[in-house]
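Quick notes on the structure that follows.
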Amino acid sequence: MEYAFRDIEQKWKKYWNDNKVYKVSNDSPKPKFYILDMFPYPSGAGLHVGHPLGYIASDIYARYKRLSGYNVLHPMGYDAFGLPAEQYAIETGQHPAVTTEKNIARYREQLDNIGFCFDWDREVRTSDPKYYKWTQWIFLQLFHSWYDRSENKAKNINTLIELFEKEGNKNTPSPGNADLSFDADEWEAFSEKEKRDVLMSYRLAYLSFAEVWWCEALGTVLANDEVVNGVSERGGHPVEKKRMRQWFLRITEYADRLLGGLDKLDWSEAMKEMQRNWIGKSMGAEVSFSLTPTLSEGEGDVTQIKVFTTRPDTIFGVDFMVLAPEHELVDKITTETQRQAINEYKQYVKSRSERERMTEVKQVTGCFTGAYAIHPLTEKEIPVWISEYVLAGYGTGAIMAVPSGDERDHAFAKHFNLPITNIFGDKYTGENAYSEKTGKLENSGFLNGIEIAQAIDIAIAAIVNAGKGRKKVNYKLRDAGFSRQRYWGEPFPVIYRSLTPALSKGEGDVAQESIPYTTDETIFDEYPELQKLPVELPKVDTYSPGPEGQGPLANLSNWVDTPGGKRETNTMPGYAGSSWYFLRYMDPHNDEAFADRKAIDYWSAVDIYIGGSEHAVGHLLYSRMWTKVMYDLGLIGFDEPFKKLINQGMIQGSSRFVYLNREHNTFYTFNRVNPPVGLGKIETLRADVSFVNGTELDIEAFKKWRPEYANSEFVLDTDGKYHCGVEVEKMSKSKYNVVNPDDMVNQYGADTFRMYEMFLGPVEMSKPWDTKGIEGVHRFLKKMWRLYNDEQKGWVVTDEAASEAELRILHKTIKKVGEDIERFSFNTSVSQFMIAVNELTALNCHKCEVLEKLAVLICPFAPHFAEELWHQFGHNTSVMDASFPKFEEKYVTENSKKYPVAVNGKTRAELEFALDAEQSSIEKEVLADPTIIKWMEGKAPKKVIYVKGKMINVVV
RNA sequence: GCCCUGGUGGCGGAAUUGGUAGACGCGCAGGACUUAAAAUCCUGUAUGCAGUAAUGCGUGUACGGGUUCAAUUCCCGUCUGGGGCACCA
């Protein structure tokens, strides 16, 4: 009986399905374990072999945990809202819901092929109204919440209103508007609009303004992704930034907790470091620079520019100031003579992405405003410039420039011929800024001769004393933009209620004149149909954008206009649905709540979360924030969503190339063009990997694929084959290097495919796919199969007692595989299986005592294979209900070891000693060994290093 | 540019806490079985030098330094591949 993997896999897939083997209950006496994969975006291209890598790893771990006695939650779903589906809809007119559905069906089919133990009854889709009902509901909670800094937690906005009624906002400054100040009486006197505006500056979900990429030609807002080299990806039209009213999440209020929370997480240091850098906490000072009264014309209220600096010690080195071109003071301080130049420069900056502004540091640009500021300590007049290297979103959007101490300031000063004050003495060469934080300051007034580290505090004290600033903690983290001018996303449960003419003051646009209310507010009590969730995404006829950069929903006037007012036409961004989906899996069909509290308390936080490191800061940070908000509001009992994080690497594509001399219509094999001597002009073309075996090209298949080369000559290698060139690249359709898991499963079976994906290398590492190598793993499974089944004789397992050597192999394997799974080292466990099978085959072992346990052991890796063997052993329940074999020390203990013996660190001999041997007896024997004596060359041993169980080293 | 991460045979990789570098697999070469092929099995395979050979000696973990009895592993510097940089998901 041979290893008929196709029949075996079909049979058990059906069995698992029919018997609901992977059904998970929320009610179990077993300890829980929650292992989660980052759910995929179902793209039209389907899965390639890189996608399942993490899923296979988590599947192995999930099965291992289940075999070890846990109730394991291992769900899967789809992050189904997103730009590509909408893009496709624009191009083809097909509704994103339809294409998404189709893509999901395809994904599901591909996933099913691989034999995962997902409980599909718990599947979630973010685009399903039953799901996004709760995304919208959570948005409402965010809207109705503010962050109480005194208690360090989010609370219902009503508690803030109570506070305002009692004492105004003197003890609760607004995070969104630092200048806002009112007392209880003033609050009482505010109009409804004024009150709502005040509250808006506190809410965790709030409206403000942000810049987006606007493409006039396409009449739409573009994602960063859709802007390539400063023009739109589609059509290559010019783009510029446009300020729009947008929803935001006030994640900055959580900056400190998001930072502190990292310490207790079992994530890689790299991942934590990326989040720390993203949050970007820095200590420094906020310093106010006054403008010179003579030069700042009119506009009496503009008297100060605030900067944030982490280096207040360098304050005596300030030679000029730079504002972000978007800074609100720029227009006010610019002098008439400079106005045109400034406007032109601002226009230029509008075309620049933030990335370009950060990256292209060698290209120095800027413009003088004509205004001067007064140095807060020396009262020197310093010019105020604007430049793209200062970003509006960081700090105060303005800097004090210290050219002798900061590289970019230095380059700027050199470029515009601004004077440079040296405050570092010899340390500053005049060539480069001195940006290290050691050394003594010079030319710095009262800071002269003081070490930089100490000078920081002294400088801050002096600035505070002079009333020119304060100590400040700054975060790089910015509030998260939460609006997209798109169709395929969650609609907001928000309605803008127009003001009655009596209440509305002044002009302004509609948005300014109306007040945003969420649909659940009492103001809509008379329209209960408006208050219901979900606010369903209406069907549209066209996916083209609405007027003035609004999303496509703006075109649906009968949807936008409600008896209560106009609906919000933006939709939520991709990370809305993915910020909380791990909670929904716990109780996916609940229509009364996002999940039942009992289920949440049972499953609690995700024990292991697996996904790509590209989500290091986006998704993972937003999820952490949502979790903290929900924890603060008492909705869940934990404040970190993912206890342990594993980052899987990418599987890269391995592209194949052929080499053409077009003139002679001849293709040359790789070796012939390497080097390409005397062959004329050689073009490198891609060949689809599907008709290349290793590097050998199937010439006929290639000609069929590219008929224009049907008559081409092929110059072969000495072995009579045409060999392709190889390069490792990203796996993508356009590179013709995509390998479909379906094909692999078809040819070798799911079990081989699973084991091979793991065998390729460590899960966390990126590595290229090599189809050729899969045969080795397939051979291994066949070889293991033969321990149980002979081609002629069939079942050959016997009841004979196992030998010591056989039991040692088994227990060595149990130990190694168990430990390897625990540390997510699956490639080495596959190796161990191979070693075990090689050794057992050599011993001609067919003993039940060894092989039954081995079958269970391999179940996490090759579940169909294991299930078949398990039933062959006569069991009639699933192998998933077996227990992971127990490792027993006694079978593997050895009492002696062959030690490598080195002289001066170089291994020269191998000697065997008992493990409990004393150093003195070992020394005696080692020094008596002829090889060792030879290498000691007559010198006396200085010392003999003996590391028990490891090695011996003689130092002479 | 900034942040994170990797670099070990022809290839994927192993070496878990500083202790015999190259496990396991692919590929390649040779052989067995076969009319032949497939499948299967066996042997060899980092590299240089010496030797018919067993083997011996040297070099070697991107590069250059350092710490140590001992470094793929720790430290400093350089080169280089990959990921992220706030509207791709």
Side-chain angles (χ1 to χ4, degrees), chain A residues 2 38-41 43 79 81-84 87 210 212-213 221-227 246 268-271 273-274 276-278 280 354-355 357-362 389 393 407-408 476-486 573-575 578 612-619 621 647 649-650 652 654 694-695 726 728 730 756 759-762 764-770 772-777 779-780 782-783 786 791 819-820 823 825 827-828 830-835 838 898-907 910 942-945 947 949-956:
Chain A
E2 62 172 5
M38 288 186 189
F39 61 168
Y41 174 79
S43 87
D79 190 10
F81 275 133
L83 210 46
Q87 203 61 261
V212 291
W213 281 120
V221 171
L222 298 175
N224 285 341
D225 226 37
E226 300 173 293
V227 178
Q246 315 256 324
S268 71
E269 259 322 298
M271 201 55 49
E273 195 58 25
M274 277 191 262
R276 285 189 195 111
N277 290 334
W278 186 266
E354 215 166 89
R355 179 85 53 87
R357 288 168 60 172
M358 287 188 291
T359 306
E360 295 164 15
V361 290
K362 284 184 185 126
Y389 82 92
E407 209 41 68
R408 287 169 308 176
K476 206 158 76 190
L477 184 71
R478 310 205 287 255
D479 279 343
F482 200 65
S483 292
R484 299 293 182 265
Q485 293 70 41
R486 298 287 174 177
Y575 64 83
S578 61
S613 62
E614 66 271 24
H615 299 284
V617 279
H619 161 60
L621 204 63
N647 289 116
M650 275 201 325
Q652 296 147 310
S654 185
T695 58
V726 176
V728 172
K730 225 181 193 145
Y756 183 56
F759 187 60
L760 274 178
E764 310 84 8
M765 229 73 97
S766 288
K767 58 247 156 185
W769 177 260
D770 170 26
K772 201 91 186 154
I774 197 170
E775 283 169 23
V777 174
R779 273 200 277 272
F780 151 74
K782 285 199 280 190
K783 190 167 181 178
R786 286 197 300 271
E791 216 166 303
E819 286 172 357
D820 282 354
R823 65 188 180 103
S825 175
N827 54 329
T828 51
V830 175
S831 295
Q832 181 56 40
F833 278 120
M834 289 174 169
I835 293 167
N838 286 346
K898 282 182 178 159
Y899 283 91
V901 185
V903 178
N904 278 346
K906 282 201 192 299
T907 306
E910 193 176 65
K942 271 193 205 145
K943 110 170 118 157
V944 177
I945 292 157
V947 184
K950 298 277 188 193
M951 48 69 69
I952 296 160
N953 187 14
V954 182
V955 185
V956 295

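Letters A, B, ... are given to chains in the order of the sequence lines, protein chains preceding strands, and every chain is numbered from 1.
Side-chain proximity of A:Leu477 to the nucleotides B:A86, B:U59, B:C24 is greatest for B:A86. Of the listed nucleotides (B:G19, B:U40, B:G83), B:U40 has the atom at the smallest distance from the side chain of A:Lys782. Listed nucleotides: B:C87, B:A89, B:G25. Nearest to the side chain of A:Leu83: B:A89. Closest contact between the side chain of A:Val955 and the listed nucleotides B:C69, B:G27, B:G84 involves B:C69. Comparing atom distances between the A:Thr828 side chain and each of B:C4, B:A15, B:A21 picks out B:A15 as nearest. Here B:C41 is the nucleotide among B:C69, B:A89, B:C41 with the atom lying nearest to any side-chain atom of A:Lys783.
In this structure, A:Ala616 reaches neither bases nor backbone, as no heavy-atom distance under 4.0 Å exists between it and the strands shown. Here A:Arg779 lies in heavy-atom contact (under 4.0 Å) with sugar-phosphate atoms only.
A donor-acceptor contact under 3.5 Å is not formed by the side chain of A:Asn224 with the base of B:C87. Applying the 3.5 Å distance criterion, the base of B:C87 shares a donor-acceptor pair with the side chain of A:Gln246. No hydrogens or angles were tested; on distance alone, a donor-acceptor pair under 3.5 Å links the side chain of A:Gln485 to the base of B:C87.
Between A:Asp225 and A:Leu83, the closest side-chain pair of non-hydrogen atoms is not below 4.5 Å. By the 4.5 Å heavy-atom criterion applied to side chains, A:Met834 and A:Phe759 are counted as neighbours.
With a glycosidic angle more than 90° from 0, B:G30 adopts the anti conformation.
Using a 30° and 60° split on the angle between ring planes, A:His615 and A:His619 fall in the perpendicular class, above 60°.
Comparing the C1' positions of B:C11 and B:U5 gives an interatomic distance of 22 Å, to the nearest angstrom. Between B:A32 and B:U47, the distance separating the two P atoms is 25 Å to the nearest Å.
We find that CG of A:Leu760 is positioned 16 Å from P of B:C11, with the value rounded to whole Å. Note: CG (A:Asn277) to C1' (B:G83) measures 14 Å, nearest angstrom. Rounded to whole angstrom, the span from the NZ atom of A:Lys898 across to the P atom of B:U20 amounts to 16 Å.
Between A:Ser578 and A:Asp79, the side chains place no donor N or O within less than 3.5 Å of an acceptor N or O (distance only, hydrogens not considered).
Ring-centre distance between A:Phe482 and A:Tyr575: below the 6.0 Å cut-off.
Within the structure, a side-chain polar atom (N or O) of A:Arg355 is placed less than 4.0 Å from OP1 or OP2 of B:A86.
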